[in-house]
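To keep things clear, I will list the structure first and then write my remarks on it.
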Amino acid sequence: IQGNGASISVLEEAGIDQASLLVAVAGSDEVNMVACMLAKQAGVARTVARVRNPEYLEDKNSGRNFLSGIDLIINPELVTAREIVKLIEVPEALDVMYCFDRKAMVLELPIPEGSSAAGRRIDQIKTEWPLLIVAIIRKKKVLIPRGSDRIMAGDTIYLLARTEEMANVERYLGLERRQTEKVMVLGGGRTGSHLAHILEDKNYAVRLLEKDYQKCEILSEKLRHTLVIHGDATDLDLLKQEGADQTDVFVSVTDDDKVNLLACLIAKHLGAKKAIAQVRRSDYIGLIQSVGIDVGVSPRILTTNAIMRFIKNNKNLLSVTFLREEEAGVMEFNVSENSRAAGKKLMDLYFPNGALVGSILRDGEVMIAKGRDRLQPGDVVTVFALNQVADKVIEFFD
């Protein structure tokens with residue numbers, strides 16, 4: 001329907017009186033906010049608004065503002081900055097996801113030539129720390145593996161373990177965790193500003209490059225410990241002078257995808273250990289690693305995931321997050337007394353091919369799932385599934 005989303009007549013034409021959810025992601029913060037307020041007045045139970053201007057947020061940490069009739073406020077720049085921070089904290093990973101209030105985590109990790117994990121069957125990997133390989137990306141295809149599948153050099157794996165034990169699990173697989181101290185950020189816009197503030201609080205040594213002098217002045221007043229540098233980060237001499245060759249992580253978050261890609265390539269050429277590029281065109285994501293950049297982050301995909309985690313499609317489906325290639329997802333379910341899965345061992349569930357239970361939260365304790373584990377009412381489980389079998393998985397927890 002073509003029209004202004006902040007117009008009550010347009011919303012009525014769209015059937016707002018019969019909607020249970022409104023998601024407002026127009027380009028204007030004000031339109032999104034007004035649309036949500038009108039929707040609430042029309043009886044819509046839940047509303048989500050994309051809001052970029054931090055001045056509108058009453059609580060920057062939670063991102064929620066219930067007083068204005070908006071149940072969830074999504075700030076794409078803040079969501080992106082927080083995602084980048086996770087990648088800085090675990091620099092060997094291409095993606096980082098947390099489950100059960102950060103008690104468990106999933107890392108996307110490349111398997112290089114010479115890795116001790118390469119060539120091994122999954123069921124042959126035995127450690128004192130429980131782990132699970134929940135997905136493998138091989139030749140751009142996502143596989144949900146079984147125990148008989150082998151990990152091959154060149155694969156990218158999704159590794160699940162308890163957060164406190166993940167570093168030990170990585171070490172066992174020959175994937176040593178690196179320490180990050182020095183971070184260089186290109187771009188002093190909202191994402192760069194959010195990122196610098198968060199990194200300051202975590203005591204990283206941060207240098208922020210911005211070519212707009214007026215922005216530099218504003219940033220230098222707001223940031224306490226970040227060194228704000230005026231200049232163009234695609235300038236090879238400037239990057240050398242500012243120590244890009246000694247940088248643990250280089251992050252480019254300007255509004256120009258091409259500048260972000262070029263700056264990251266230059267930084268990698270100079271010796272930066274890891275380069276992260278923001279790309280607004282999500283179709284670029286699959287090309288990032290092939291051109292020599294470590295990680296690409298898409299604000300659009302991250303915003304979609306944030307909204308999907310808020311939306312419950314089913315009374316027992318708590319959240320949904322897409323994996324990087326978007327061919328598979330991570331679903332979190334509550335096991336109710338009426339669920340088909342309740343009271344059954346995982347090996348007896350006969351899940352569809354392309355799906356597996358990864359972890360179980362029971363009485364506040366996290367278990368990495370095994371075939372003989374029996375699901376109980378009250379459990380919360382994470383399930384990894386290819387998109388084509390997701391609907392069948394949901395039936396097990398109805």
Side-chain angles (χ1 to χ4, degrees), residues 25 27 50-54 63 74-91 93-97 108 180 182-200 204 206-212 215-216 219 223 226 228-229 231-235 239 244 247-270 272-307 321-326:
V25 289
R50 182 174 68 181
V51 179
R52 287 193 162 91
N53 189 341
I74 296 292
N75 182 333
E77 288 79 14
L78 184 55
V79 169
T80 302
R82 288 173 173 166
E83 185 68 20
I84 292 171
V85 169
K86 291 192 295 184
L87 295 168
I88 290 171
E89 291 177 327
V90 190
L94 303 176
D95 195 6
V96 181
M97 289 178 282
E108 181 184 354
T180 300
K182 300 177 182 178
V183 181
M184 185 174 288
V185 179
L186 168 61
R190 288 174 179 163
T191 304
S193 177
H194 286 309
L195 181 58
H197 276 292
I198 297 171
L199 293 175
E200 280 188 341
Y204 288 98
V206 185
R207 295 187 173 210
L208 190 152
L209 283 71
E210 169 57 48
K211 65 179 181 180
D212 185 316
K215 279 186 180 180
C216 288
L219 288 165
L223 297 168
T226 299
V228 179
I229 301 163
D232 186 348
T234 60
D235 182 336
L239 284 177
T247 297
D248 295 314
V249 181
F250 181 90
V251 184
S252 189
V253 288
T254 75
D255 291 331
D256 189 323
D257 285 359
K258 297 181 180 64
V259 169
N260 293 338
L261 296 173
L262 178 59
C264 284
L265 288 172
I266 293 173
K268 287 291 287 186
H269 174 74
L270 291 175
K273 296 181 179 67
K274 183 172 184 175
I276 302 172
Q278 173 181 272
V279 284
R280 297 191 179 277
R281 288 188 55 177
S282 52
D283 54 331
Y284 282 0
I285 291 290
L287 304 174
I288 291 293
Q289 287 177 265
S290 63
V291 300
I293 299 171
D294 296 294
V295 185
V297 293
S298 166
R300 188 171 297 177
I301 292 174
L302 294 174
T303 299
T304 301
N305 277 338
I307 293 172
T321 302
F322 295 114
L323 298 184
R324 183 171 61 99
E325 298 293 328
E326 293 190 80

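Just so you know, these numbers come straight off a predicted model, no measurement behind them.
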| message | Just to verify, which of Val85, Thr226, Val249, Ile88 counts as forming a side-chain contact (heavy atoms from CB on, under 4.5 Å) with Tyr204? | response | Ile88
| message | Tell me the closest heavy-atom pair linking Gly192 and Leu208, and the distance in Å. | response | O-CD1, 3.8 Å
| Nearest heavy atoms of Thr180 and Pro91, plus distance in Å | OG1-CG, 3.4 Å
| request: Kindly say whether Val228 contributes a backbone atom to a donor-acceptor pair with the side chain of Glu210 at under 3.5 angstrom? | output: no
| query | Under the side chain to side chain contact (heavy atoms under 4.5 Å, CB included) test, which residues partner Ala267, sequence neighbours left out? | reply | Phe250, Ala272
| message | How close do Ile288 and Asp294 get, counting heavy atoms only, and between which atoms? | response | CG2-C, 4.4 Å
| said: Can you confirm whether Lys182 is buried at NZ, in the sense that more than 12 heavy atoms of other residues, nucleotides or ligands lie under 6.0 Å from that atom? | reply: no
| For Ala277 against Leu261, the heavy-atom pair lying closest together | CB-CD2, 4.2 Å
| query | Taking side chain as C-beta onward, heavy atoms only, is Leu265 less than 4.5 Å from His269? | reply | no
| request: Determine yes or no for a side-chain-to-main-chain donor-acceptor pair under 3.5 angstrom, with Asn305 supplying the side chain and Thr321 the backbone. | output: no
| request: Report yes if some heavy atom in the side chain of Leu87 is under 4.5 Å from a heavy atom in the side chain of Val297; otherwise report no. | output: yes
| said: One thing to verify: whether Lys86 and Glu83 come together as a salt bridge, which I'm taking to mean a side-chain N less than 4.0 angstrom from a carboxylate O. | reply: yes
| field | Results of side chain to side chain contact (heavy atoms under 4.5 Å, CB included) for Ser193 - residues two or more places apart only | value | His197, Leu219
| task | Determine whether Leu239 and Leu209 make a side-chain contact, defined as any pair of heavy atoms from C-beta on separated by less than 4.5 Å. | result | yes
| message | Looking at every heavy atom in both Val183 and Leu199, which two are closest together, and how far apart are they? | response | CG1-CD1, 3.9 Å
| task | Look up atom CG in Leu186 and atom CD1 in Ile276, then write down how far apart they are to the nearest 0.5 Å. | result | 13.0 Å
| query | Has Lys211 got more than 12 heavy atoms of other residues, nucleotides or ligands less than 6.0 Å from its NZ? | reply | no
| message | Do Arg50 and Ile307 make a side-chain contact, defined as non-hydrogen atoms from C-beta onward lying under 4.5 Å apart? | response | no
| Gln278 versus Pro299, closest heavy-atom pair with distance | OE1-CG, 3.7 Å
| query | Is a donor on one side and an acceptor on the other found under 3.5 Å between the side chain of Asp95 and the backbone of Glu108? | reply | no
| task | Can you spot which of Asn75, Thr254, Thr80 makes a side-chain contact (heavy atoms from CB on, under 4.5 Å) with Thr191? | result | Thr80
| query | Are the side chain of Lys268 and the backbone of Lys273 linked by a donor-acceptor contact shorter than 3.5 Å? | reply | yes
| task | Apply side chain to side chain contact (heavy atoms under 4.5 Å, CB included) to Asp232 and list each qualifying residue two or more places apart in sequence or on a separate chain. | result | Thr234
| query | Salt bridge between Asp255 and Arg280, side-chain N to carboxylate O under 4.0 Å? | reply | yes
| request: Give, for atom CG of Leu195 and atom CG of Leu78, the distance between the pair rounded to the nearest 0.5 Å. | output: 10.5 Å
| side-chain contact (heavy atoms from CB on, under 4.5 Å) with Lys274: which of Val295, Val251, Asp248? | Val295
| message | Side chains of Asn260 and Val279, heavy atoms from C-beta outward: is any pair under 4.5 Å? | response | no
